[in-house]
Amino acid sequence: MSEKTPLYNLTISARATLDLHSLNNEGGEGNQIQTRMVNIVAQDGRLHNVNAISGDMWKHIQAEHLHRLITERGGVPLCKGCQTFNANRINADPDFIAYVKQAGATDVDALNQLLQRCAMDDMEGILVTEGKRSLPRKSVLEFGWVVGLPDLTATDSYFHVKYANERSAEKRQSDAAATDKEGSNLGQAIFHRPASSGVYAVIVSLDAARIGFNDISQSYAVDEAQRQTRFERLMESLLYTFLEPRGAMRSTQNPHLVNFAGVIAISSGATPAPTVSPLKDGFEAEIDAIRASLEPLRPGIVKVQSFESLSEFSQLMAELIGNTTPYSLKYI
């Protein structure tokens, strides 16, 4: 059995073709649901207003997949808050709260306890607000906005109506009288629902070296076997994030993922894996050019692999899960 390759940092830069989705909305105004729109400066140097899905939404999708994987397979601990997918996570764990409130518990001790008690809080990040503390745990996984490319993304609003046919006799008589007076469509709820289609730019960064790492003491709070298991769960959840993008209105507007193409860059040493926004044409070639520029400085440390479809992406991720291990910061 060959030795696994250390993975310090991984980035994904890709374009996703998503049709007829409504994964992220801002709310409603009257009977009109508002979709998320953002202003960007595109490669032409001009401002554009485009549809986008927030990184918060994609992080929540990934966290839900991670929770299900851990619940199904075990092997890593979850705090009592994360066991029930409580949004407060370890801040809802009474045992952890009791520990951080005890006299003499330092921030280093509290962070060690967090890392040892809960894999989700370790990898997803959390702000501990109990025990008169404000102790951050930065996520090892970062999502950018998933941003529509100008001229290749559009949002339309579609008419819907919900008809209510269960009414009492008194109500029907009252509605009939009102209809005669107003000519209205009583018993029906008319609303407009958005759906967006287009090509979206995706960027993701995963710092595998920080799994189980206490940023204050600059040391690992869990052993290498535990870090490996957490890493595998995290990588698999990242894969499933794009296989099944959850979000708003999926009961009737499950998105059509037509294609997913781009680049995975990995670093096996303390060098960042490069990423270039897929909002720019030719981003794949530029990422590879950065790799070539880094080669004289760190030979063989950065590798770039391209994929042209979701199936190729899945294959590359599966190979990485099986053949890599989280990098250890050995200078500590």
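Given the structure is predicted, the values throughout are model-derived calculations rather than measurements. One is the number of the first residue; the rest follow in order along the sequence.
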K.L.:
Look at Arg117 together with Asp122 and state whether they make a salt bridge at an N to O cut-off of under 4.0 Å.
P.N.:
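Here Arg117 does not pair with Asp122 in a salt bridge, since their nearest N and O are not under 4.0 Å apart.
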
K.L.:
Under 3.5 Å, is there a donor-acceptor pair between the side chain of Ser54 and the main chain of Met57?
P.N.:
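Yes, Ser54 side chain to Met57 backbone: donor-acceptor pair under 3.5 Å.
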
K.L.:
Please walk me through it: do Glu308 and Asn259 pass side chain to side chain contact (heavy atoms under 4.5 Å, CB included)?
P.N.:
CA-CA 8 Å; Glu308 297 299 327; Asn259 198 35; 5.8 Å; no

K.L.:
Donor-acceptor check, side chain of Thr271 to backbone of Ser267, threshold 3.5 angstrom: yes or no?
P.N.:
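No, the answer is negative, given that no donor and acceptor are paired below the 3.5 Å cut-off.
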
K.L.:
Give a yes or no on whether the ring-centroid distance for Phe85 and His60 is below 6.0 angstrom.
P.N.:
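Centroid distance Phe85-His60: below 6.0 Å, so yes.
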
K.L.:
Looking at Asp95 and Lys80, is there a salt bridge between them, counting it only when a charged N and a carboxylate O are closer than 4.0 Å?
P.N.:
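Yes, Lys80 and Asp95 are salt-bridged.
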
K.L.:
Does a donor on one side chain and an acceptor on the other come within less than 3.5 Å for Thr325 and Gln228?
P.N.:
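Yes, because at least one side-chain N or O of Thr325 sits under 3.5 Å from a partner of the opposite role on Gln228.
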
K.L.:
Could you go step by step and tell me if Arg73 and Glu236 meet the salt bridge (Lys or Arg N to Asp or Glu O under 4.0 Å) rule?
P.N.:
CA-CA 12 Å; Arg73 299 184 186 177; Glu236 193 171 349; 2.7 Å; yes

K.L.:
Indicate the atoms forming the closest heavy-atom contact of Cys118 with Cys79, along with that distance.
P.N.:
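For Cys118 and Cys79, the tightest heavy-atom pair comes out as SG-N, 3.4 Å.
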
K.L.:
Applying salt bridge (Lys or Arg N to Asp or Glu O under 4.0 Å), name anything that partners Arg291, two or more places apart in sequence or on another chain.
P.N.:
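Arg291 satisfies salt bridge (Lys or Arg N to Asp or Glu O under 4.0 Å) with Asp288 only.
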
K.L.:
Can you tell me how far CD of Glu232 sits from CD1 of Ile321, rounded to the nearest 0.5 angstrom?
P.N.:
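So the gap between those two atoms works out to 7.5 Å.
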
K.L.:
What do the steps show when you test Lys59 against Ser139 for side-chain hydrogen bond (donor to acceptor under 3.5 Å, both in side chains), and what is the final call?
P.N.:
CA-CA 10 Å; Lys59 186 71 174 292; Ser139 174; 3.1 Å; yes

K.L.:
Looking at Glu72 and Arg68, does any basic side-chain N land under 4.0 Å from a carboxylate oxygen?
P.N.:
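Here Glu72 does not pair with Arg68 in a salt bridge, since their nearest N and O are not under 4.0 Å apart.
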
K.L.:
The test is salt bridge (Lys or Arg N to Asp or Glu O under 4.0 Å); show your working for Arg233 and Glu124 and say whether it passes.
P.N.:
CA-CA 12 Å; Arg233 300 287 187 273; Glu124 301 291 340; over 6 Å; no

K.L.:
Is the backbone of Val147 close enough, under 3.5 Å, to the side chain of Asn51 for a donor and an acceptor to pair up by distance?
P.N.:
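Not at all, since once roles are kept as given, no pair shorter than 3.5 Å links the two residues.
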
K.L.:
Ignoring hydrogens and angles, state whether a donor on the side chain of Thr275 or Ser13 is under 3.5 Å from an acceptor on the partner side chain.
P.N.:
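Side-chain D/A pair, Thr275 to Ser13: present.
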
K.L.:
Before accepting this row, confirm whether a basic side-chain N of the pair Asp121/Arg137 lies closer than 4.0 Å to the acidic partner's carboxylate O.
P.N.:
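Salt bridge flag = no for Arg137 with Asp121.
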
K.L.:
Centre of Tyr220's six-membered ring, under 6.0 Å away, within 45 degrees of the axis: is that where NZ or CZ of Arg227 sits?
P.N.:
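Checked: cation-pi criterion met.
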
K.L.:
Applying side-chain contact (heavy atoms from CB on, under 4.5 Å) between Tyr200 and each of Thr17, Thr153, Leu149, report the one that passes.
P.N.:
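For Tyr200, the side-chain contact (heavy atoms from CB on, under 4.5 Å) test succeeds with only one of Thr17, Thr153, Leu149, which is Thr153.
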
K.L.:
Keeping the roles fixed (side chain from Glu142, backbone from Leu206), state whether a donor-acceptor pair exists under 3.5 Å.
P.N.:
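No, the answer is negative, given that no donor and acceptor are paired below the 3.5 Å cut-off.
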
K.L.:
Starting at CD of Glu130, measure out to CD1 of Ile97 and round the result to the nearest 0.5 Å.
P.N.:
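It is 4.0 Å, given to the nearest 0.5 Å.
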
K.L.:
Do the rings of Phe307 and Phe260 sit parallel, tilted or perpendicular, given the 30° and 60° boundaries?
P.N.:
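Rings of Phe307 and Phe260: tilted, as their planes differ by 30° to 60°.
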
K.L.:
Can you name the closest pair of heavy atoms from Val108 and Ser217 and give their distance?
P.N.:
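Looking at all heavy atoms of both residues, the shortest contact is CG1-CB, 3.9 Å.
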
